[in-house]
Amino acid sequence: MLELAVVYLAAAILAVPIAKRLGLGSVLGYLLAGILIGPFLLGLVGDQTDVMHFAEFGVVMMLFLVGLELQPSRLWKLRHSILGLGGLQMLITTIFIFAICVEFLSLQWQTSLAIGLMMALSSTAIVLQTLNEKGWTKQEAGQNAFSVLLFQDIAVIPILALLPLLAFSDDVKSLSGHGNLIAHFPAYLQVIISVAVITSIILAGKYVSAPLFRYIAETRLRELFTVFALFLVILIAVIMQKVGLSPALGTFLAGVVLAESEFRHELEVDIEPFKGLLLGLFFIAVGASIDFPLLLENYAIVIMIVAALIVVKAFVLYILAMIFKMESKQKLLFSMALAQGGEFAFVLLSLTTSLHILSQEQSKLATLVVAISMLLAPLLIMVYEKILNSSSQKQDEYDDPKQIEPTNSVIIAGYGRFGQIIGRLLTAQGYHLSILDHSPSQIEFLKRFGHRVHYGDAARQDLLEASGAKAAQLLVIAIDDPDKILEIASIAKKHYPDLAIAARAFDRRHAYELMNIGITSFKRETFDSALNLGIEALTLLGNSAKSAQRAGKIFADHDYQTIRMLEDVWGDDHSYGVAVKQRMEDIKQILIKDKEEQHRLNTCHGENCEDKQKLDH
């Protein structure tokens with residue numbers, strides 16, 4: 001076991017960072033690591049069946065964490081997309097695949113229906129992990145993809161109940177109830193017990209969990225809280241499994257119930273590392289389970305089936321995205337994100353094989369198709385990104401210079417959250433603005449609120465000219481791209497030397513780069529907010545508001561002077577490091593002396609108070 005652990009961990013450590021650097025994403029990195037160490041390449045690990053069963057618990061944990069992010073009210077808002085979009089996707093995809101299997105592959109209807117139900121499922125682990133890495137989970141496509149995946153996870157329960165009815169032999173039907181404590185009860189009683197279990201989980205999460213969490217928290221033993229969090233997730237999974245329900249569904253519901261708990265963030269922090277490790281192991285196991293000898297022997301058939309699966313699923317998803325009126329780019333993302341097989345197909349394949357619905361050869365081929373489609377899933381997302389980037393480069397030209405309204409006051413380049421604050425302040429003071437922004441979606445959004453923003457790149461000299469750069473008093477560069485800020489500042493300095501420039505700086509390094517091209521008016525975007533919070537921290541620590549403000553001002557002035565003083569040694573790491581340490585010691589001594597002086601003056605008596613009056617003045 002220790003040797004296997006070393007192999008899995010080493011493969012992940014080597015493959016995932018390389019895949020991330022190449023822009024392939026961590027999921028594809030894990031899959032490639034599994035292929036590399038699998039029994040059909042290096043042969044460092046053997047059969048992955050047991051590992052897969054263990055690693056699938058990562059999916060259970062992931063859905064628990066997803067549930068923690070979803071408050072019940074938000075889940076209720078998704079009910080239409082869960083039932084409508086998710087239900088239609090499962091129904092239509094199953095029908096399509098069923099028809100193909102019967103008509104073109106000449107399979108029996110029971111086998112065709114089982115394959116259709118299994119292949120209609122998508123990979124919850126890969127899709128949610130990839131969308132989360134890309135920051136797309138909050139987008140329309142991400143939300144709808146989650147709704148479909150949630151419905152699929154729920155649909156696994158009736159599918160598991162349906163498959164024994166498709167069995168060709170009565171003496172194997174009992175296998176479907178393995179581990180199910182209520183399988184021998186009548187159907188109506190199974191439904192009642194299942195509803196009672198789900199209700200109990202919800203009620204316990206709402207009313208029982210909070211006192212238990214408080215009791216555990218009072219021990220002040222971090223590891224005990226982690227143990228209890230794991231115990232909670234595993235217990236729910238086991239209970240759901242024992243009554244024939246999906247463990248992932250149970251933990252998801254528990255997560256939703258606990259989403260409003262004061263311990264939500266603590267649970268997330270404790271469960272996240274285990275989820276990440278198990279999901280990584282799951283992806284490695286999927287990669288290692290790809291049967292390359294079978295693939296080489298039947299490569300033409302496998303490639304054809306995988307391509308057909310992806311095309312059929314993407315086609316159905318795209319049609320549904322049109323029916324549900326998703327935005328054009330979101331339709332494409334939604335379709336490509338879910339166009340693969342899912343991990344629950346492995347569970348269903350095991351059951352269908354034991355029930356003789358699929359032969360051993362058919363099961364191996366289906367396993368290979370699902371695994372390869374999952375391997376291709378991150379690549380489909382990369383294709384979407386390429387299409388997105390190419391389409392963004394082919395967008396309509398920027399606004400014609402003749403359409404841009406010039407100003408003799410202020411030009412603002414970039415009108416996101418940062419630029420809007422500056423713009424509102426200047427507008428309130430009566431200054432006329434000419435605003436440029438290079439994001440069509442942002443411009444469309446701002447138009448709804450009556451803002452007139454022109455679509456253009458402020459690094460283009462003709463657009464700056466059209467905005468009134470020759471007559472304007474000030475150019476404010478407020479975009480969120482450090483390199484683009486430097487480019488705009490350089491062009492403005494070169495062509496409009498009399499134009500004052502105020503720029504957004506990202507950090508100290510960026511500030512020095514601005515100073516090198518002659519920009520002296522800049523603000524580091526996190527410095528002021530951090531400084532203000534530091535001042536607030538001083539007041540919370542018992543300092544008066546006046547002394548906290550004074551300390552903050554001294555610190556800010558000293559920091560500004562430090563940047564100016566050390567401009568010449570920036571780039572010389574040794575000299576700069578020595579100078580920074582000295583300046584840090586200086587500010588420490590200055591603040592200590594100032595605090596002592598303030599304390600002396602605050603406790604002064606008689607003639608000594610004259611110094612205090614002078615200082616206050």
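All residue numbers refer to positions in the sequence shown, counting from 1. Source: prediction; values computed, not measured. No hydrogens, no waters, no symmetry mates; every other heavy atom, side chains included, goes into these values.
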Q) Would you say I301 has more than 12 foreign heavy atoms packed within less than 6.0 Å of its CD1? A) no
Q. Can you find a heavy atom in the side chain of V148 that is under 4.5 Å from one in the side chain of F334?
A. yes
Q | Minimum heavy-atom distance between M374 and L31, given as atom pair plus value | A | O-CD1, 3.7 Å
Q: Not counting sequence neighbours, which residues clear side chain to side chain contact (heavy atoms under 4.5 Å, CB included) with S147? List them please.
A: L78, S81, I82
Q) Of all residues at least two apart in sequence or in a different chain, which pass the side chain to side chain contact (heavy atoms under 4.5 Å, CB included) check with I92? A) L88, F96, V316, L320
Q) Minimum heavy-atom separation for T130 to I126, with atom names? A) OG1-O, 2.7 Å
Q | Those residues that, when tested against F228, pass ring-ring contact (aromatic ring centres under 6.0 Å, His included) (two or more places apart) | A | F213
Q: Taking all non-hydrogen atoms of both residues into account, name the closest pair between L131 and A145 and its distance.
A: CD1-CB, 4.2 Å
Q: Give the minimum heavy-atom separation between A337 and V127, together with the two atoms involved.
A: O-CG2, 3.1 Å
Q) How would you list, by chain and number, every residue that makes a side chain to side chain contact (heavy atoms under 4.5 Å, CB included) with F292, sequence neighbours excluded? A) I35, F40, I290, L295
Q: For D270, check salt bridge (charged side-chain N to carboxylate O under 4.0 Å, His left out) against everything at least two apart and list the hits.
A: R222
Q | Side-chain (T93) to main-chain (Q89) donor-acceptor, under 3.5 angstrom | A | yes
**Q.** Separation between SG of C101 and CG of L107, rounded to the nearest 0.5 Å
**A.** 5.5 Å
**Q.** Pair listing, ring pair (Phe, Tyr, Trp, His ring centres under 6.0 Å) test, anchored in residues 110-141, at least two apart
**A.** W136-Y384
Q) Which pair of heavy atoms, one from L317 and one from S335, lies closest together, and at what distance? A) CD1-O, 3.5 Å
Q) Can you list the residues that meet the side-chain hydrogen bond (donor to acceptor under 3.5 Å, both in side chains) rule with T219, with sequence neighbours excluded? A) none
Q. Roughly how far, to the nearest 0.5 Å, is CD1 of I319 from NZ of K331?
A. 9.5 Å
**Q.** Counterpart residues, side-chain hydrogen bond (donor to acceptor under 3.5 Å, both in side chains), relative to Q330 (two or more places apart)
**A.** Q139
Q. Would you say F146 and T124 make side-chain contact, with heavy atoms under 4.5 Å?
A. no
(Q) With rounding to the nearest 0.5 angstrom, report the OG to CG distance, S373 to L368. (A) 9.5 Å
Q.
According to side-chain hydrogen bond (donor to acceptor under 3.5 Å, both in side chains), does anything in residues 305-326 pair up with another residue at least two apart or in another chain? List the pairs.
A. S122-K313
Q: Calculate, to the nearest 0.5 Å, the distance between atoms CE and CG belonging to M336 and L380 respectively.
A: 5.0 Å
Q | Selection residues 204-217 - residue pairs positive for salt bridge (Lys or Arg N to Asp or Glu O under 4.0 Å), sequence neighbours left out | A | R214-E262
(Q) Within this structure, what is the CG-CD1 distance for the pair L309 and I372, rounded to the nearest 0.5 Å? (A) 11.0 Å
Q: Decide yes or no for L333 and I381: does some side-chain heavy atom of the first lie under 4.5 Å from some side-chain heavy atom of the second?
A: yes
Q | Side chain to side chain, L358 and K364, heavy atoms closer than 4.5 Å | A | no
Q | Non-neighbouring partners of L36 that pass side chain to side chain contact (heavy atoms under 4.5 Å, CB included), sequence neighbours left out | A | L42
**Q.** Which residues share a side-chain hydrogen bond (donor to acceptor under 3.5 Å, both in side chains) with S209, sequence neighbours left out
**A.** none
Q.
Would you compute the distance between atom OG of S200 and atom CD1 of I193 and round it to the nearest 0.5 angstrom?
A. 11.5 Å
Q. If you count the non-hydrogen atoms of other residues, nucleotides and ligands that lie under 6.0 Å from CZ in F185, is the total more than 12?
A. yes
Q | L121 side chain near M90 side chain, heavy-atom distance below 4.5 Å | A | yes
